[in-house]
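To keep things clear, I will list the structure first and then write my remarks on it.
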Amino acid sequence: VRLIMTLARTVNRYGPELLLRLSRGLPPYGIPSASARDVSRALRQLSFHGLVARVGQHGWRVADPFLSDALLSRPLSGW
């Protein structure tokens, strides 16, 4: 999990927080310090690297269900 979180941070500074939010079913656009444009860009970048996947037209999820489960044991902050 630590390696994936490092990769997510390398891809985009909001990457780790987005992975944690999506694994908990929280809306990705709820990050207070990020604009909608920043979050949208981060989601596209994470998707390109295979970390998240689209669900329908407006939804997102962590691409790997095992990773999603493992992320549930991590605190939401601190990445």
Side-chain angles (χ1 to χ4, degrees):
V1 171
R2 184 169 295 280
L3 181 62
I4 295 296
M5 296 302 270
T6 302
L7 172 62
R9 171 144 335 266
T10 302
V11 169
N12 189 286
R13 71 183 200 180
Y14 298 113
E17 187 169 355
L18 284 169
L19 287 178
L20 291 169
R21 291 182 69 80
L22 292 173
S23 71
R24 289 165 169 76
L26 298 173
Y29 291 93
I31 299 173
S33 61
S35 69
R37 182 178 178 188
D38 291 336
V39 173
S40 179
R41 176 182 291 148
L43 288 169
R44 285 193 315 271
Q45 291 171 330
L46 292 170
S47 176
F48 178 81
H49 289 279
L51 297 174
V52 300
R54 273 204 177 272
V55 178
Q57 257 187 318
H58 302 287
W60 293 91
R61 66 173 176 83
V62 176
D64 183 345
F66 294 111
L67 174 61
S68 185
D69 288 346
L71 289 171
L72 290 174
S73 67
R74 301 288 180 178
L76 192 55
S77 62
W79 288 98

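Computed from a predicted structure; not experimentally measured. For the single chain, residues carry numbers from 1 onward in sequence order.
When all heavy atoms are compared, the tightest approach of Met5 to Leu19 is SD-CD1, 4.1 Å. Between Ala63 and Gly50, the shortest heavy-atom distance links the atoms CB-O, 3.4 Å. The nearest pair of heavy atoms linking Leu72 to Ser23 is CD2-O, 3.4 Å. Ala70 and Val1 get closest at one heavy-atom pair: CB-CG2, 3.5 Å. Across all non-hydrogen atoms, the minimal contact from Pro75 to Leu20 is O-CD1, 3.4 Å.
Between Ile31 atom CD1 and Asp38 atom CG the span is 9.0 Å, to the nearest 0.5 Å. Here CZ of Arg74 is found 6.0 Å from CZ of Arg2. Values are rounded to the nearest 0.5 Å. One finds the CZ atom of Arg21 at 12.0 Å from the OH atom of Tyr29 (value rounded to the nearest 0.5 Å). Rounding to the nearest 0.5 Å gives a distance of 6.5 Å between OG of Ser35 and OH of Tyr14. Here the straight-line distance linking atom CG of Leu7 with atom CG of Leu51 works out to 5.0 Å at 0.5 Å rounding.
A donor-acceptor pair is defined here as one N or O able to donate and one able to accept, closer than 3.5 Å; such a pair exists between the side chain of Arg54 and the backbone of Gln57. Between the side chain of Arg61 and the main chain of Ala53, no donor-acceptor pair closer than 3.5 Å is present. Side-chain atoms of Ser47 never come within 3.5 Å of backbone atoms of Leu43 as a donor-acceptor pair (strictly under, hydrogens ignored).
Counting heavy atoms from C-beta outward, Ile4 and Leu67 have side chains that approach closer than 4.5 Å. Contact check for Leu22 versus Pro28: side-chain heavy atoms found under the 4.5 Å cut-off.
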